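Some notes on the structure that comes next.
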Amino acid sequence: MISCLSLSSYSFCEKIALKKYRRCVKRGCIKRPQVVSGAKKDGFGLRVFVLSDLHTDYPENMAWVRSLSTKRHEKDVLLVAGDVAEMYDNFILTMSLLKERFEYVFFVPGNHDLWCRWETEDFDSLEKLNKLLDACKQLGVETNPAVIDGLGIIPLFSWYHESFDREDDIVGVRIPSLDMACKDFHACKWPGNLSNRDTSLALYFDLMNEKNQNTVKQIQSTCSQIITFSHFVPRQELCPEKRMLFYPKLPKIIGSDWLEDRIRSIHGVESSSLACHVFGHTHFCWDAVVDAIRYVQAPLAYPRERKRRMNGGTLSMSQMSDATTNRSFVRDSDRAMASCAWFCCNRSKSDSSLRVWNGLARTELLKARSHNEHILEAGDV
């Protein structure tokens, strides 16, 4: 029996506008499993940490990376779901520091990683992408699918497209255009056949995954448990509704339908209790099961977001363990930040499936956050 923590002790409950919902929380109707220490304990084997949106161009975030122990994670795996740094030199330094601390580091690029506005060399975003992938290879950072201790890990390249957004637009208010709000339209430089204004980039990045199809098939046939990860969002349900966003057009620049199709082709249409996909980009902490796949986001985000708690509550050392396979999955964020009790999942030897304990359901999550806590400036995404 897994003990759960009621959210009644969590500080944002004081901000809940709906009295009925507040009473529900106080009575313990909404629960999350207990958060346990991320420290290795007897019986834990391979540990997988996930993290996105490091943005180490900010000195505070680079200092956080430097503060990670050089001993504690020397046998662990880290999945970096994009937006490491805008500047190439900061990217190299960050990934070098992470590789010194973790035995295995996997990476997929985010949009900030491909910005070119401050680079000293003259290259476009595709040239910078290849430059980053070459650097990862030299550093020993994995950007291709691999199997670690029987666990399949599959990085997925992706980009966003406007048609991903199918929610009705907000009307009656003046909303800045994507060109004005999103810095990608100015900070990225694409060859003439690629553009943020159509599906060309999303298709281009999705096709980059084709070269790994033979490896993916091998992983599917040999691994009972697979983690896929991307920078961009695979489903619109994994973003708050437009009425909760400071910039309601945000869903047009966050995700891709082709990404979700590829995830389903890997985990299966019906999927299983062991299927998991990690993503980033929106800076919202997230943990939800949608159509039998668990979706997790654990961003470091911007310093000002952490101070104002704009990213929905950052994660302290939270862990999912699998007693049967002797493996645990951990999401790591700054322990000095305000912690948020997200999950701890265990599987007993008598249980044939990994029990997934969700965070708040989407509608509950929206009720539980004030409007200001869901502010996210599109230009910073």
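All of these numbers come straight from a predicted model, not from anything done at the bench.
A salt bridge links R197 with D179: at least one charged nitrogen is closer than 4.0 Å to a carboxylate oxygen. Under a 4.0 Å N-O distance rule, the pair E142/K99 does not qualify as a salt bridge. Using a 4.0 Å cut-off between charged nitrogen and carboxylate oxygen, K252 and D165 count as a salt-bridge pair. With salt bridges taken as basic N to acidic carboxylate O contacts below 4.0 Å, one links E121 and K131. Looking at D291 and R235, a side-chain N of the basic residue comes within less than 4.0 Å of a carboxylate O on the acidic one, giving a salt bridge. Between K242 and D168 there is no salt bridge, since no side-chain nitrogen of the basic residue lies less than 4.0 Å from a carboxylate oxygen of the acidic one.
Expressed to the nearest 0.5 Å, how far CD1 of I266 lies from CG of D261 amounts to 11.5 Å. Taking OG1 of T143 as the start and CG of L129 as the end, the distance is 9.5 Å to the nearest 0.5 Å. Expressed to the nearest 0.5 Å, how far OG1 of T282 lies from CG of D53 amounts to 7.5 Å. Taken from CZ in F205 to NE2 in H161, the straight-line distance is 13.5 Å, to the nearest 0.5 Å. Atom CH2 in W64 sits 5.5 Å away from atom CG in L300 (nearest 0.5 Å). Atom CG of L93 and atom OG1 of T56 lie 7.0 Å apart (nearest 0.5 Å).
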### Query
Hey, mind stepping through F91 and F107 against ring pair (Phe, Tyr, Trp, His ring centres under 6.0 Å) and telling me if it holds?
CA-CA 11 Å; F91 176 89; F107 165 76; 5.1 Å; yes

### Task
Would you please test V50 and F279 for side-chain contact (heavy atoms from CB on, under 4.5 Å) and show each step?
CA-CA 9 Å; V50 302; F279 64 101; over 6 Å; no

#### Entry: Residues H186, R117; criterion side-chain contact (heavy atoms from CB on, under 4.5 Å); working and verdict
CA-CA 8 Å; H186 313 286; R117 57 180 182 170; over 6 Å; no

### Query
Checking side-chain contact (heavy atoms from CB on, under 4.5 Å) for the pair L46/I148: CA distance, chi angles, key distance, verdict?
CA-CA 8 Å; L46 179 69; I148 308 296; 4.0 Å; yes

### Task
Could you go through the side-chain contact (heavy atoms from CB on, under 4.5 Å) check for C223 and V147 one step at a time?
CA-CA 8 Å; C223 298; V147 177; 3.7 Å; yes

### Task
Kindly indicate, with the supporting measurements, whether the criterion salt bridge (charged side-chain N to carboxylate O under 4.0 Å, His left out) is fulfilled by D149 and K75.
CA-CA 11 Å; D149 193 23; K75 294 185 179 181; over 6 Å; no

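Taking 4.5 Å as the limit, some side-chain heavy atom of L245 sits within range of a side-chain heavy atom of C239. For the pair L132 and L114, the minimum side-chain heavy-atom distance is below 4.5 Å. The closest side-chain heavy-atom distance from E127 to D124 is below 4.5 Å. A 4.5 Å side-chain heavy-atom check between F106 and L78 finds every atom pair outside the cut-off. Residues E241 and E167 meet the side-chain proximity criterion, which asks for heavy atoms closer than 4.5 Å. Between L178 and Y247 there is a side-chain heavy-atom pair separated by less than 4.5 Å. Looking at C188 and C116, their side chains never come closer than 4.5 Å, going by heavy atoms from C-beta outward. L201 has its side chain within reach of W190: a pair of non-hydrogen atoms, C-beta onward, lies under 4.5 Å apart.
Between I254 and L250, the closest heavy-atom pair is CG2-O, 3.2 Å. In terms of heavy-atom proximity, Y295 sits nearest to P234 at CE2-CG, 3.6 Å. The shortest non-hydrogen separation linking K189 to F123 is CE-O, 3.3 Å. E237 approaches W286 most closely through the heavy-atom pair O-CZ2, 3.5 Å. Contact detail for S52 and G280: the closest heavy-atom pair is OG-CA, 3.6 Å. When all heavy atoms of P251 and P248 are compared, the pair lying nearest together is CD-O, 3.3 Å.
With hydrophobic clusters built from ILVMFWY side chains whose heavy atoms lie under 4.5 angstrom apart, M87 does not share a cluster with V80. L98 and L51 fall within a single hydrophobic cluster, where Ile, Leu, Val, Met, Phe, Trp and Tyr side chains are chained together by heavy-atom contacts under 4.5 Å.
There is no side-chain donor-acceptor pair under 3.5 Å between N61 and R66. Using modelled atom types, one finds a donor on one side chain and an acceptor on the other under 3.5 Å when comparing D184 with Y160. Remark: the S195 side chain and the S200 side chain contain no N/O donor-acceptor pair separated by less than 3.5 Å. Side-chain contact, K183 with N111: no donor N or O sits under 3.5 Å from an acceptor N or O.
In summary, the aromatic rings of Y302 and H283 are positioned with their centroids under 6.0 Å apart. Between H277 and F229, a ring centre-to-centre spacing not shorter than 6.0 Å is recorded. For F232 and W159, the gap between ring centers is short of 6.0 Å.
Side-chain contacts under 4.5 Å among hydrophobic residues (ILVMFWY), followed directly or transitively, place L203 together with W258.
For Y204, the OH atom is loosely surrounded, since the number of other residues' heavy atoms within 6.0 Å does not exceed 12. The local environment of CG in D122 is sparse, with at most 12 non-hydrogen atoms from other residues, nucleotides or ligands closer than 6.0 Å.
No donor-acceptor pair under 3.5 Å is formed between the side chain of D76 and the backbone N or O of V48. Under a 3.5 Å cut-off, the side chain of D57 and the backbone N or O of E86 do form a donor-acceptor pair. Checking side-chain atoms of T70 against main-chain N and O of R101 turns up no donor-acceptor pair under 3.5 Å. Looking only at distances, a side-chain donor or acceptor of D113 sits under 3.5 Å from a matching main-chain atom of V84. Side chain of R262 to backbone of L156: no donor-acceptor contact under 3.5 angstrom is found. Remark: the backbone N or O of S265 is paired with a side-chain donor or acceptor of Q220 at under 3.5 angstrom.
Classified by interplanar angle (parallel below 30°, tilted 30° to 60°, perpendicular above 60°), the ring pair H231/H281 is perpendicular. Note: H55 and Y58 have perpendicular aromatic rings, judged against thresholds of 30 and 60 degrees for the angle between ring planes.
Relative to the six-membered ring of Y88, K128 misses at least one condition, a distance below 6.0 Å or an angle of at most 45° to the axis.
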